[in-house]
Number of protein chains: 2
Amino acid sequence: MSSIRYAILSLLAREPLSGYDIKQYMNNRLGPFWKVGSNQVYPELSKMEAEGLVQRQAVEQHSYRPARKVYEITAQGKSEIIDWTLAPANFELNLRDEFLLKTYNAWLVEPDNMISSFMEERKKHVEILETYQMKLAELTPTLDASNSKDPLNSTIFIIDFGLRHEQMYIEWCDQMIQKLKTE
Amino acid sequence: MSSIRYAILSLLAREPLSGYDIKQYMNNRLGPFWKVGSNQVYPELSKMEAEGLVQRQAVEQHSYRPARKVYEITAQGKSEIIDWTLAPANFELNLRDEFLLKTYNAWLVEPDNMISSFMEERKKHVEILETYQMKLAELTPTLDASNSKDPLNSTIFIIDFGLRHEQMYIEWCDQMIQKLKTE
DNA sequence: GCACCCATGTAAGTAGTTACATGATTGC
DNA sequence: GCAATCATGTAACTACTTACATGGGTGC
């Protein structure tokens with residue numbers, strides 16, 4: 001069920017990267033939508049190299065720093081990630097959100113306190129919505145929308161999802177605040 | 001960061017339950033929005049009993065079956081779950097969805113194949129949307145919406161979230177299918 | 001001078017999944 | 001007869017988080 005190797009292959013299919021890059025991309029670039037720790041990335045890369053899914057490029061060496069090992073995807077790796085992409089996703093209902101659990105306990109606390117919580121939560125989601133909007137504005141001009149082979153198009157697909165998710169979250173907060181006010 | 005004990009307290013604040021009940025509720029009732037295994041529930045309940053957050057009620061015994069141990073929340077447990085509910089949620093960006101990762105690889109495969117994937121995914125979300133709608137229809141009539149102390153109101157809050165989430169997902173699929181068709 | 005960045009990696013601990021074990025009852 | 005439900009729990013495994021270690025460079 002762990003998809004970390006597929007997440008790594010998904011990034012390497014676009015461009016060669018070091019383990020450090022991969023970690024940064026996953027934790028910062030895309031939302032983050034797939035967080036990992038370095039203890040997951042480095043051993044997994046070694047395994048994948050042994051299995052022939054990735055291979056090392058030239059090593060960039062600065063004497064004072066660990067060598068930067070850049071990996072690129074192999075033909076075998078590319079074929080594996082394409083197969084995985086086409087295979088049906090095994091469905092996971094993934095609403096494990098701490099704030100949702102707190103909402104489930106709304107009846108335990110004063111409505112006014114709950115309203116404050118919703119407003120705080122709303123604020124966080126507005127901020128993230130804005131980062132998505134900036135990313136979108138940044139990518140859209142450089143894009144040929146009619147070219148389905150451009151990875152940027154796929155990037156925009158998932159940013160669009162993030163955007164909709166945040167909008168939905170904000171609207172939900174607004175409606176919950178309304179409901180709590182009229183109680 | 002693990003909230004399983006708060007999830008357990010959230011359920012016990014509403015009614016006394018056995019470990020088995022708790023597992024069933026979490027895995028089936030609410031979507032599921034917070035899945036657990038029995039290996040997490042039973043040891044955690046023991047710990048919580050030792051800490052005075054929950055206590056055992058009478059044990060229902062059928063000779064042919066393990067005794068059903070029903071737990072109820074203590075005053076200390078209730079105060080703890082109220083405090084936790086009021087404390088600010090630590091934010092987690094939680095878009096780890098296998099299908100999203102596949103979407104990120106859309107550029108690697110034929111648009112027609114990707115369209116099929118989106119239609120399959122859409123179908124799953126329509127089904128879940130329908131179960132939420134049924135739950136909502138089931139609960140709404142028995143409800144006094146003006147009574148903020150009724151746990152059902154809070155239950156509806158999170159079902160409403162699930163509903164919006166599924167609607168958003170379906171709309172996103174529709175738009176992605178549109179985009180892929182015009183490419 | 002202090003914190004953060006780069007860049008590799010390891011270690012230790014927590015959380016979560018899957019499978020197993022018991023064993024009568026209920027429904028197909 | 002076979003599978004599922006109830007009800008407890010354990011065992012083995014996988015996945016994830018947090019912290020640590022090195023050590024020069026860069027910005028405040």
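As a basis for the values below, the full set of heavy atoms in this structure was taken, side chains included, without hydrogen atoms, waters or symmetry mates. Letters go in sequence order (proteins before strands), and every chain restarts at 1.
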Value in whole Å for how far the C1' atom of C/dA15 lies from CD1 of B/I8: 13 Å

Side-chain N or O of B/Y20 closer than 4.0 Å to phosphate OP1/OP2 of D/dC6: yes

Stepwise side-chain contact (heavy atoms from CB on, under 4.5 Å) test for A/T85 and B/L101: CA-CA 8 Å; A/T85 301; B/L101 188 54; over 6 Å; no

Residues A/Q55 and A/E49: side-chain donor-acceptor under 3.5 angstrom: no

A/K23 NZ - C/dC5 P separation (whole Å): 10 Å

Separation of atom CD in A/Q40 from atom P in C/dT14, rounded to whole Å: 17 Å

Whole-Å distance separating the CG atom of B/N27 from the P atom of D/dC6: 13 Å

Between C1' of C/dA7 and OH of A/Y25, the distance in whole Å: 15 Å

Touch class at under 4.0 angstrom, heavy-atom based, for A/R5 against every strand present: nothing

Closest to the B/R68 side chain, choosing from C/dG16, C/dT8, D/dT8: D/dT8

N/O (side chain, A/S38) to phosphate O (OP1/OP2, C/dA7) under 4.0 Å: no

B/Y42 OH to D/dC6 P, straight-line distance once rounded to whole Å: 11 Å

